[in-house]
Amino acid sequence: MEKLKEDFFEKNAKEVARKILGKIVVRKIGERELRAKVVEAEAYFGEDDPASKASKGNGDLKKTMSMRAGIILVYGIHNNWLVNFVTGKKGKPEAILIRALEPLNFEARCNGPGLLTKALEIGKDFHKKNIYESGELFFEDSDENFEIMEDFRIGVSKDLPEKLRFYIKGNKHVSRQGTPLCKTPKIKNENRNL
DNA sequence: CATATGATGGACT
DNA sequence: GTCCATCATATGG
């Protein structure tokens, strides 16, 4: 299968989050090549998205999200690294968060954004690299067919009134199949430009 | 430098 | 379902 190119990621984050499902993440570590299928992803926007830290004046994060599509964005939270990929046109702060993977040729738990970065040995050193040139982390296309579910994002305190989380129905590696926890009410946001 | 704050995960009821 | 250890960042003095 072919590597996914820039045009795949240049689209709206919501669309990319949906279409990345089923695609193959390839992580090369020396002689090893880890392959895993994306089973869950979320879309984030740097502006007009209260769930995104980039919306409240986070300089570097927002700047990175505005970079060219395909830039790898690594963000630390609690004691985990979360890996994102910049989407949309250059200048638009958008990204997708990879939340869960199905390991294909290795054994590891990848049913959560913090776990998959550990399994694939992705750390801050990948921040601002891109998936075209590094050769250590990229995506391969796939034409697998499956049913896509959508839901509100997980773990965010203030979500948009819009379903921006996508996952493969029935896949055991998805972090949560049921209703995600969303402690605070969804806020309204009419002005965003998705 | 000090402090606040989670895009978490796992253990537990 | 609930609780909470733990640490990379952001931000303010």
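Numbered from 1 within each chain, the chains take letters A, B, ... in sequence-line order. Only heavy atoms go into these numbers, but all of them, side chains included; no hydrogens, no water, no symmetry mates.
- Of the residues in residues 111-123 of chain A, those with a non-hydrogen atom less than 4.0 angstrom from any atom of DNA chain B are A/Gly112, A/Pro113, A/Gly114, A/Leu115.
- Each of B/dT8, C/dA10, C/dT9 was ranked by its minimum atom distance to the side chain of A/Asp60; first place goes to C/dA10.
- Using modelled atom types, no side-chain atom of A/Glu94 and backbone atom of A/Phe45 make a donor-acceptor pair closer than 3.5 Å.
- Between A/Glu10 and A/Lys90, no side-chain nitrogen of the basic residue sits less than 4.0 Å from a carboxylate oxygen of the acidic one, so the salt-bridge criterion is not met.
- The two residues A/Phe8 and A/Val16 make their nearest non-hydrogen contact at O-CG2, 3.6 Å.
- Here A/Lys3 does not pair with A/Asp141 in a salt bridge; the nearest charged N to carboxylate O distance is not below 4.0 Å.
- We find that A/Glu102 and A/Lys172 are not joined by a salt bridge, their nearest charged nitrogen and carboxylate oxygen being 4.0 Å or further apart.
- Residue A/Arg109 places none of its side-chain N or O atoms closer than 4.0 Å to OP1 or OP2 of B/dG9.
- Straight-line distance from the CG atom of A/Leu73 to the P atom of C/dA8: 17 Å, rounded to whole Å.
- Protein atom NZ of A/Lys128 is 11 Å distant from nucleotide atom P of C/dT9, rounded to whole Å.
- As a whole-Å value, the separation of A/Asn84 CG from B/dT8 P is 11 Å.
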Please list every donor-acceptor pair under 3.5 Å in which a side-chain atom of residues 119-130 of chain A meets a protein atom from a residue at least two apart or in another chain.
unit_1   : atom_1 : unit_2   : atom_2 : d
A/Glu121 : OE2    : A/Arg32  : NH2    : 3.2
A/Lys124 : NZ     : A/Val74  : O      : 3.3
A/His127 : ND1    : A/Val74  : N      : 3.1
A/His127 : ND1    : A/Val74  : O      : 3.4
A/His127 : NE2    : A/Asp60  : OD2    : 3.3
A/Lys128 : NZ     : A/Asp60  : OD1    : 2.7
A/Asn130 : OD1    : A/Tyr132 : N      : 2.7
A/Asn130 : OD1    : A/Glu133 : N      : 2.9
A/Asn130 : ND2    : A/Glu133 : OE1    : 3.4

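- Atom-to-atom, CD of A/Glu40 to P of B/dT8 comes out at 10 Å; the value is rounded to the nearest Å.
- Atom C1' of nucleotide B/dA4 and atom NE2 of A/His78 are separated by 12 Å, given to the nearest angstrom.
- Atom C1' of nucleotide B/dT5 and atom CG of A/Asn80 are separated by 15 Å, given to the nearest angstrom.
- Looking at heavy atoms from C-beta onward, A/Pro103 lies in side-chain contact with A/His173 at the 4.5 angstrom threshold.
- Taking each heavy atom of A/Val174 and A/Glu40 in turn, the nearest pair found is CG1-OE1, 3.4 Å.
- Pairs of Watson-Crick or G-U wobble type, with distances under 3.5 Å, assemble into runs of 3 or more in DNA chain C at these ranges: B:1-6 with C:7-12, B:8-12 with C:1-5.
- One interatomic measurement links the two molecules: CG of A/Asn79 to C1' of C/dT6, which rounds to 5 Å at whole-angstrom precision.
- As a whole-Å value, the separation of A/Tyr44 OH from B/dT8 P is 7 Å.
- Note on A/Leu115 and A/Ile20: separate hydrophobic clusters, where clusters join Ile, Leu, Val, Met, Phe, Trp and Tyr whose side-chain heavy atoms are under 4.5 Å apart, directly or indirectly.
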